[in-house]
Amino acid sequence: MEIIHLSAECYPVAKAGGLGDVVGALPKYQCLAGHHAKVVMPMYRTRFLYEHEWDVDFKGHGRMGGRHFEYTVIREKTNVLGFDLYLVDINGLLDREKIYGYDDDTERFLAFQLAVADWMNHWEHRPEVVHCHDHHTALFPFLLQHCYAFRQLAGIPTVLTIHNAQYQGIMSWDKISYFPGWDQWKWGLLDWNKHINPLASGVRCANRVTTVSDSYLQELRYSANGLENLFEYEKGKCVGILNGIDTEVWDAMTDPNLVKPYQLREVAEGKQANKEALCEQFGIRDPENPLFVFIGRLVGEKAADILPDAIMSMLYTHTGKLSVLVLGSGEPHVEWQLEAMNERFTGVYHAVIGYHEKLAHQLYAGADFLLMPSRVEPCGLNQMYAMRYGTIPLVRSTGGLQDTVTDIGDPEGFGIRFQHATVGDLYHAMERALNLYSDKEQMEWIRKFMMQIDHSWESTVDEYMRVYQSIQ
Ligand code: ADP
Ligand code: GLC
């Protein structure tokens, strides 16, 4: 089967979060399973672009409202990622260093989708499925089905995966001039609450919709940033498929970022060596103490705002009993609070504000506990990476966290779960972790148990294939 993934991110080409990880891994494992998966994404000016060799595959042009644009599609020469990778260049729109965060993001991602549709119009064959990811590519099903210019592509089956329904790409109706001639009877397929809503349009127009965990799909029917009724109405075409992780990239034995790689039977010593290196790097005094880490976007969804108070309370009431490291970036006031604590808690706490892939790997490996108090977590990859490195996750019971972590109070439980994204609940969970840490035998059992849990993509690829097959 030929599967075309359309995405704004793909690791290691360009990644802002879990979407990049998923689009960098799922196609690779689809190819290993004998399918022909390809990724098509914007050509940002990232390092990957300059470090690899490319063939020009196609040159074309398009129109977005009054704006004429030329586009070029290039293909990576050596199949280095395990699948065909195509980048679409549009000068003046996609030729930027960052993935998101520009005033004209609406125009950038719409032009990207128009260019891809135009390029496909020139293909001599039709792919079996186009798989769109999140709102940046969610208008594609509408474009294919209802814009006259792409009429010959209308029959191509489409799937939309929702990684995060908080972001919907909403634009005002004056942007409708950007769309090439379309069947205006179908305006209802673009509209949600008097705006053009790409994510809502994708849910309506794609043949099938998937979410990245089953619990998240259920949650969307009562909490979806305004789209609740839509998910209730369209539930027949939706299915939750839990993300996998790339077990080649995330392997404590072969991870080049670690000071000491380790395998299952030496997890205690391996983690201790990595912890000691972190302690030295960040001036943490006692490497015998349990090390708690947080890695992620410092935003409301991740409940990063409760971190400063919860961590501070723990450091005051359990002085000298724990250490904490934080890595993240996001809302300035949270960044500021976390960074301001560096001076106050030197020797037991340190926050690094920024995005550092290598440090993230080192933290998963060297930590004892990972904090994930998320308010919204469609799947969450951090907890799965942590588990694979023998690090115990402390998670709020929501979305994918609920589907991947069981509490130590339950049979065969290995994590710590709590109900509310509040300082009190997180504090209590951290106290439970402190208690657990003093039981060396149980720690050892849990670490080994977690490292053997199978979250590999191999077992998930078939679920996507069943979705694709259902629409052929
Ligand atoms: P989300 O996509 O919502 O941010 P996920 O848990 O799905 O959350 O994935 C987050 C990914 O981004 C993980 O690979 C995590 O290690 C990585 N990540 C997040 N913040 C940082 C950071 N500041 N530095 C390095 N890696 C980060
Ligand atoms: C989104 C979600 C996250 C999920 C990731 C990959 O960024 O916030 O929970 O793991 O996508 O699907």
Side-chain angles (χ1 to χ4, degrees), residues 11-12 15-18 20-21 24-25 47-48 245-298 302 304 307 311 322-330 335 338-339 341-342 345-372 380-395 415 430 433 437 443-444 446-448 450-451 455:
Y11 176 83
K15 162 177 165 179
D21 285 353
R47 260 178 65 184
F48 188 93
I245 59 173
D246 192 330
T247 46
E248 278 176 15
V249 176
W250 298 94
D251 180 350
M253 194 52 216
T254 55
D255 191 332
N257 301 299
L258 310 190
V259 290
K260 180 172 164 51
Y262 55 93
Q263 49 189 322
L264 189 72
R265 59 182 161 75
E266 49 179 16
V267 51
E269 306 84 64
K271 286 186 85 60
Q272 188 60 28
N274 285 292
K275 193 204 289 192
E276 281 166 17
L278 286 170
C279 289
E280 196 171 321
Q281 188 177 352
F282 296 109
I284 300 292
R285 273 191 300 272
D286 191 350
E288 298 306 318
N289 274 343
L291 175 61
F292 292 77
V293 299
F294 174 91
I295 302 162
R297 296 182 288 122
L298 301 174
K302 302 286 177 193
L307 290 173
I311 294 171
L322 73 155
S323 316
V324 184
L325 291 174
V326 174
L327 168 62
S329 60
E335 289 186 354
L338 289 166
E339 214 171 20
M341 288 164 57
N342 282 352
F345 297 103
T346 308
V348 288
Y349 166 92
H350 193 84
V352 178
I353 304 301
Y355 189 95
H356 303 282
E357 192 74 28
K358 184 181 173 89
L359 179 58
H361 283 245
Q362 292 168 338
L363 290 170
Y364 290 118
D368 298 293
F369 299 103
L370 176 87
L371 306 176
M372 272 187 100
L381 299 172
N382 296 18
Q383 80 281 13
M384 295 197 259
Y385 298 149
M387 281 145 58
R388 183 140 166 89
Y389 283 50
T391 301
I392 298 172
L394 276 57
V395 304
M430 290 175 80
Y437 188 74
M443 284 293 290
E444 179 81 1
I446 290 179
R447 283 169 169 163
K448 290 188 170 157
M450 290 189 306
M451 287 175 81
H455 279 303

Taking all non-hydrogen atoms of both residues into account, name the closest pair between [X] and [Y] and its distance.
X      : Y      : answer
Leu338 : Tyr349 : O-OH, 2.7 Å
Ile284 : Ser323 : CG2-OG, 3.4 Å
Gly390 : Met451 : N-CG, 3.6 Å
Gly415 : Ile392 : CA-CG2, 4.0 Å
His361 : Val249 : CE1-O, 3.9 Å
Asn274 : Lys260 : ND2-O, 2.8 Å

Heavy-atom distance under 4.5 Å between the side chains of [X] and [Y], does that happen here?
X      : Y      : answer
Ile295 : Leu370 : yes
Leu359 : Leu278 : yes
Leu363 : Leu325 : yes
Gln362 : Gln281 : yes

Residues 357-371 vs salt bridge (charged side-chain N to carboxylate O under 4.0 Å, His left out), sequence neighbours excluded, gives Lys15-Glu357, Lys275-Asp368, Asp368-Arg447
In short, salt bridge (charged side-chain N to carboxylate O under 4.0 Å, His left out) pairs touching residues 277-291 with sequence neighbours left out are none
Item to check | Derivation and outcome, side-chain contact (heavy atoms from CB on, under 4.5 Å), residues Met443 and Ile446 | outcome: CA-CA 5 Å; Met443 284 293 290; Ile446 290 179; 5.8 Å; no
With a 3.5 Å distance limit and no angle check, can you tell me whether [X] reaches the backbone of [Y] through a side-chain donor-acceptor pair?
X      : Y      : answer
Glu335 : Ser329 : no
Arg388 : Ala252 : no
Tyr262 : Tyr389 : yes
Lys302 : Met372 : no

I need the [X] [atom1] to [Y] [atom2] distance, nearest 0.5 Å.
X      : Y      : atom1 : atom2 : result
Asn257 : Trp250 : CG    : CH2   : 8.0 Å
Gln263 : Thr254 : CD    : OG1   : 11.0 Å
Asp21  : Asn382 : CG    : CG    : 8.5 Å
Ile353 : Leu327 : CD1   : CG    : 8.5 Å
Leu322 : Leu291 : CG    : CG    : 9.0 Å

* On the 0 to 90° scale, with breaks at 30° and 60°, tag the Tyr364-Tyr385 ring pair as parallel, tilted or perpendicular. => perpendicular
request  = Let me see the working for Lys271 and Thr391 under side-chain contact (heavy atoms from CB on, under 4.5 Å), right down to the final yes or no.
outcome  = CA-CA 9 Å; Lys271 286 186 85 60; Thr391 301; 2.7 Å; yes
Query - Test side-chain contact (heavy atoms from CB on, under 4.5 Å) applied to Val352 and Glu339, step by step - result: CA-CA 7 Å; Val352 178; Glu339 214 171 20; over 6 Å; no
Those residues at least two apart in sequence (or on a different chain) that pass side chain to side chain contact (heavy atoms under 4.5 Å, CB included) with Lys448 are Leu264, Val267, Glu444, Gln452
